[in-house]
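Basis for what follows: all heavy atoms, side chains included, without hydrogens, waters or symmetry-related copies.
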Amino acid sequence: MKAKDRKSNKNVKIAIIGGGSWATALVKILSESEVKIHWWMKNRESVKHIENLGINPRYLSAVKINLKKVKPTHDIRLAIEGADMVILAVPAAFIKEILITLPKNIFDKKIIVSSIKGMIPSENILVTEYIERNFKVKRDNLCVICGPCHAEEVALEKKSYLTIAGSSESVGMKVATILTCRFVKTSYVADLFGTEYCAVMKNIIAIGCGIAHGLSYGDNFQAVLVANAMQEIKRFVNTIYPLERDFEASAYLGDLLVTTYSQFSRNRTLGNMIGRGYTVKSAQMEMNMVAEGYWAVKSIWEINKKFNVNMPITNAVYHVLYEKISPAVEIRILEDILC
């Protein structure tokens, strides 16, 4: 990164909306730059804990928060109104509830960045589409953060890679520059909705991989499952949002691989528990974090009623989660379909 790019971002004011592990990881990354951060959290006790001890008590508690750069708050309007850039880092299922009381012009002239890899359940639309429609944000001011990148590895300062997707290269590169640091390399791609759909779908596939693993299927089967899943994602994304794109790039294939194979993947963990015999409800209750794929698969399944894309893996996950069909039966059906 050029020195002049770093200087241009000095004292940029950023609001982080969310208190989970990914929000905590983003705070850590941003704290490496000369920016000012307002960090909104719903949990008042967590805000007080961070103010007093400099750590998030509930997520990534090993990460030391730089309170010279970071101001935690429970006042979402305070966090957003003074910001140049707003990064959304809460589960998609809760974003409407969190933003519903805010004035419709609160995002005016701000860059809005979604790091949410899910869909608005009741509307079956992407988070960026929801922000664009309901808060009249110009598409050029919208970006998404793509992987492959796990919060847990950011906390350990392991070398990580992010992709910023957007419609405006200048805005996307500004966000990428701010999110680049000594242990994170960040690039830009001009595919706002395509990368977002891929991020949604890779969580669905991760649940399927987890189910197979929980049923004692091995690496050979998972490799075939993931290879077929990439083709499934291509078919769906190219149908719903046609664009020339490289699905072998990190924002697409890389994000899929890390989510389907990593021990840190909450969606894979959910699927693994279900494959081992947990009910969906009991698995969700035992997990400490939200698995976006649970809501996403219903949205994608309903969207695909219109497009009729061949999506056997997505259908299998939907059948297990929402129609209570035996995981063993669904994976056995996939055995005969995959190649």
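- Just one residue in the list Val297, Ile313, Ile233, Thr259 forms a side-chain contact (heavy atoms from CB on, under 4.5 Å) with Met201, and that residue is Ile233.
- Side chain of Tyr188 to main chain of Gly166: a donor-acceptor pair is present (N/O by atom type, distance under 3.5 Å, no hydrogens or angles).
- Taking 4.5 Å as the limit, some side-chain heavy atom of Ile300 sits within range of a side-chain heavy atom of Met311.
- In this structure, Lys158 does not pair ionically with Glu152, as no charged nitrogen and carboxylate oxygen lie closer than 4.0 Å.
- No option in Ile204, Asn203, Ile205 other than Ile204 meets the side-chain contact (heavy atoms from CB on, under 4.5 Å) test with Val317.
- For Arg58, the side-chain contact (heavy atoms from CB on, under 4.5 Å) test picks out Asn43, Ser46, Asn56, with sequence neighbours left out.
- Leu334 contributes atom CG, which lies 10.5 Å from atom CZ of Arg332 (distance to the nearest 0.5 angstrom).
- Remark: Phe307 pairs with no residue by the ring pair (Phe, Tyr, Trp, His ring centres under 6.0 Å) rule, at least two apart or across chains.
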Task: side-chain contact (heavy atoms from CB on, under 4.5 Å) between Asn141 and Lys110, intermediate numbers included - done: CA-CA 7 Å; Asn141 285 338; Lys110 302 182 191 297; over 6 Å; no

TODO: Tell me, with the steps shown, if Lys36 and Val12 meet side-chain contact (heavy atoms from CB on, under 4.5 Å).
DONE: CA-CA 6 Å; Lys36 295 180 179 179; Val12 170; over 6 Å; no

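- In this view, Tyr278 satisfies the ring pair (Phe, Tyr, Trp, His ring centres under 6.0 Å) rule with no residue, not counting sequence neighbours.
- For Ser299 and Asn124, the side-chain atoms include at least one donor-acceptor pair closer than 3.5 Å.
- Partners of Arg139 according to the salt bridge (Lys or Arg N to Asp or Glu O under 4.0 Å) rule, which considers only residues two or more places apart in sequence or in another chain, are Glu132.
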Task: Audit row: Tyr252, Cys198, side-chain contact (heavy atoms from CB on, under 4.5 Å) steps and yes/no - done: CA-CA 6 Å; Tyr252 309 94; Cys198 284; 3.4 Å; yes

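- Look at Asp191 and Arg245 and you find a salt bridge, because one of the NZ, NE, NH1 or NH2 atoms lies within 4.0 Å of a carboxylate O, short of that distance.
- Between Phe193 and Thr128, some side-chain heavy-atom pair lies under the 4.5 Å cut-off.
- Across Leu88, Ile87, Ile116, a single residue satisfies side-chain contact (heavy atoms from CB on, under 4.5 Å) together with Ile17, and that is Leu88.
- Defined by atom type and a distance below 3.5 Å, a donor-acceptor pair is present between the side-chain atoms of Ser282 and Thr279.
- Taking CD1 of Ile14 as the start and NZ of Lys69 as the end, the distance is 11.0 Å to the nearest 0.5 Å.
- In this structure, the side chains of His74 and Met41 stay at 4.5 Å or more apart for every pair of heavy atoms.
- The pair Lys117-Asp255 meets the salt-bridge criterion, with a side-chain N (NZ, NE, NH1 or NH2) lying under 4.0 Å from an Asp/Glu carboxylate O.
- Under 4.0 Å is where a charged nitrogen must lie from a carboxylate oxygen, and between Lys71 and Glu51 no such pair does.
- In this structure, OG on Ser326 lies 9.5 Å from CD1 on Ile331, to the nearest 0.5 angstrom.
- There is a path of hydrophobic side-chain contacts, each under 4.5 Å, that joins Leu26 to Val154.
- For the pair Trp39 and Thr24, the minimum side-chain heavy-atom distance is below 4.5 Å.
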Open item on the list: Between Lys28 and Lys64, is the side-chain contact (heavy atoms from CB on, under 4.5 Å) condition met? List the steps.
Closed with: CA-CA 8 Å; Lys28 178 178 174 64; Lys64 186 68 177 175; over 6 Å; no

Quiz: residues 211-223 side-chain donor-acceptor pairs under 3.5 angstrom, not counting sequence neighbours:
{"residue": "His213", "atom": "ND1", "partner": "Asn272", "partner atom": "OD1", "Å": "3.0"}
{"residue": "Tyr217", "atom": "OH", "partner": "Glu335", "partner atom": "OE2", "Å": "2.4"}
{"residue": "Gln222", "atom": "OE1", "partner": "Arg268", "partner atom": "NH1", "Å": "2.9"}
{"residue": "Gln222", "atom": "NE2", "partner": "Thr260", "partner atom": "O", "Å": "2.9"}

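- Remark: side-chain polar atoms of Glu232 are not paired, donor with acceptor, to backbone N or O of Ala229 under 3.5 angstrom.
- Salt bridge absent: Glu292 and Lys202 never bring a charged side-chain N and a carboxylate O closer than 4.0 Å.
- Within 6.0 Å of atom NZ in Lys234, more than 12 heavy atoms from other residues, nucleotides or ligands are found, so the atom counts as buried in its surroundings.
- With sequence neighbours excluded, the residues forming a side-chain contact (heavy atoms from CB on, under 4.5 Å) with Leu257 are Val226, Leu253, Tyr261, listed by chain and number.
- Taking the centre of each ring, Tyr294 and Tyr322 come in below the 6.0 Å mark.
- Residues Ile16 and Trp40 do not share a hydrophobic cluster, defined by chaining ILVMFWY side chains whose heavy atoms lie under 4.5 Å apart.
- For the pair Lys159 and Glu153, the salt-bridge criterion is not met [side-chain N within less than 4.0 Å of a carboxylate O].
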